[in-house]
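Take a look at the structure below.
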Amino acid sequence: MSPLAVSLLVFLATGSAVAAAALVVRDLRGAAAASNQPDAAKPFRLQRLRPPPAVEDPGPIEAFDGWFAQLLDDAGLEWNPTATAAAILLFGALCGTLLFFFDERVLPAVLAGALTTPLPLVYLVFRRERRRAQLQDQLPPALETLARSMRAGQTLDRSIALLGAHSPEPMAGEFRWCARQMEMGLALPAVMRGLARRLRLYDVQLLATTLIVHRQTGGNVVTVLERLAQMIRDRLNYRRQLRATTAAGRMSAGLVAIVGPAVLVYFVFFQPDYADPMLRDPLGQAMLAVAVALEVVGLVWIFRLLKPKY
């Protein structure tokens, strides 16, 4: 390839990377500025309501857009989905272009771009799971605090507001959201249903059902909350014991997932004389596609077996 074409590719990749970095920095600065403001100075923002489910099944593009936007919400990031998706694609293109600039081979550059593009998605999924785990761990103490506050004579609405003010993050942010919704005039059942839709945790669904039934029929909600907190704590202990028991299986699945791609990357980048004939031959490409599909199916199967239902 001519030096002019290489220079043009490097210029385009660098400009795209700078633009993507500027978009990400803008979103990060906006989120940081909003989090540094006191609660009294924060402006009320209307929550974007999810549209009702369509009669027909959405296409793959619409389904991926909804999943990606929900992934950012579950990860606790107030980033623009379009800017984040553009930054992810440009990150993969930049990695492939840099490898092509140093190696000057098209196939390894395309492979590097395809392998590095999903890495930000992996980080977002990891951040979502970590936040969900934090919410589950913080829920039993939050329920006990809510029960003690109501036992001391506070109303349920006031107890939720106090819980949002004195709980650790990220649980405090969710209860502050509930308190603000109720201050704006929304009924408690609607707020609890919205909280269950936002977090999509089985424990939160139990809490929402408990408070909705209490608001509609009455009863000793303090005792119910204390028993619910104890039940959730027992289930979390069982889940930790299950993770410790299945640690060997999860480690084996991780090794199986890493060894195959690592060997392929080694031969492509360090032993190209062995890898190029297979990658250029149609039979080799078909065998590689079948191997990737079988490995993905096996890993999904293993992780679904090892993952608890609740």
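Predicted model only: the values in this text are computed from it and were never measured. Below, each value reflects all heavy atoms present in this structure, side chains not excepted, and no hydrogens, waters or symmetry copies.
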Could you report the tightest heavy-atom contact between [X] and [Y], atom names first, then the distance?
X	Y	answer
L72	P81	CD1-CA, 3.7 Å
P118	A114	CD-O, 3.1 Å
V222	A147	CG1-O, 3.7 Å
L225	L211	CD2-CD2, 4.3 Å
S149	S159	OG-OG, 3.0 Å
A208	A196	CB-CB, 4.3 Å

Donor-acceptor contact present, side-chain [X] to main-chain [Y], <3.5 Å:
X	Y	answer
R131	A75	no
T210	L206	yes
Q181	L186	no
E174	L195	no

Begin with the C-alpha distance, continue with both residues' side-chain angles, and end with the deciding distance and a verdict on side chain to side chain contact (heavy atoms under 4.5 Å, CB included) for L162 and F175.
CA-CA 9 Å; L162 292 175; F175 279 100; over 6 Å; no
Side-chain heavy-atom pair [X], [Y] within 4.5 angstrom cut-off:
X	Y	result
R198	D73	no
R233	E144	yes
L264	L288	yes
L94	L98	yes
L188	L156	yes
F91	T116	yes
Q134	P168	no
F68	T84	yes

Please indicate whether M287 has more than 12 foreign heavy atoms, meaning atoms of other residues, nucleotides or ligands, lying under 6.0 Å from its CE.
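Counting neighbours around CE of M287, 12 or fewer heavy atoms of other residues, nucleotides or ligands fall under 6.0 Å, so no.
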Surrounding CD of Q241 (heavy atoms of other residues, nucleotides or ligands, distance under 6.0 Å), is the total greater than 12?
no
Quick one: [atom1] on [X] to [atom2] on [Y], what's the gap to the nearest 0.5 Å?
X	Y	atom1	atom2	result
N80	T82	CG	OG1	5.0 Å
W301	L294	CH2	CG	12.0 Å
F267	L279	CZ	CG	11.5 Å
I232	L228	CD1	CG	4.0 Å
Q216	I212	CD	CD1	7.0 Å
Q138	T145	CD	OG1	11.0 Å

I would like to know whether R197 and Q205 meet side chain to side chain contact (heavy atoms under 4.5 Å, CB included); could you show each step before the answer?
CA-CA 9 Å; R197 286 195 302 267; Q205 293 178 3; over 6 Å; no
Determine, stepwise, if the pair R132 / D137 fulfils salt bridge (Lys or Arg N to Asp or Glu O under 4.0 Å).
CA-CA 9 Å; R132 288 165 64 94; D137 292 338; over 6 Å; no
Treating Ile, Leu, Val, Met, Phe, Trp and Tyr as nodes and any side-chain heavy-atom pair under 4.5 angstrom as an edge, say whether [X] and [Y] lie in one connected cluster.
X	Y	answer
Y123	L119	no
M278	V259	yes
L71	F126	no
M231	V224	no
V213	I160	no

Is there a donor-acceptor contact under 3.5 Å linking the side chains of [X] and [Y]?
X	Y	result
D74	Q70	yes
R239	Q136	yes
Q230	D234	yes

Before you tell me yes or no, could you show the steps for L77 and L124 under side chain to side chain contact (heavy atoms under 4.5 Å, CB included), namely the whole-Å CA-CA distance, both residues' side-chain angles and the distance that decides it to 0.1 Å?
CA-CA 9 Å; L77 300 174; L124 291 177; 3.6 Å; yes
Show, in sequence, the C-alpha distance, side-chain angles and deciding distance for E183 and R176, and conclude whether the salt bridge (Lys or Arg N to Asp or Glu O under 4.0 Å) test is met.
CA-CA 10 Å; E183 288 176 0; R176 281 198 301 269; over 6 Å; no
List the steps, then state whether side chain to side chain contact (heavy atoms under 4.5 Å, CB included) holds for M192 with C178.
CA-CA 8 Å; M192 289 296 105; C178 294; 4.0 Å; yes
Angle between ring planes, F64 versus W67, binned at 30° and 60°: parallel, tilted or perpendicular?
tilted
Under the salt bridge (Lys or Arg N to Asp or Glu O under 4.0 Å) criterion, do E226 and R151 qualify, and how do the steps go?
CA-CA 11 Å; E226 292 175 348; R151 191 183 294 276; 2.8 Å; yes
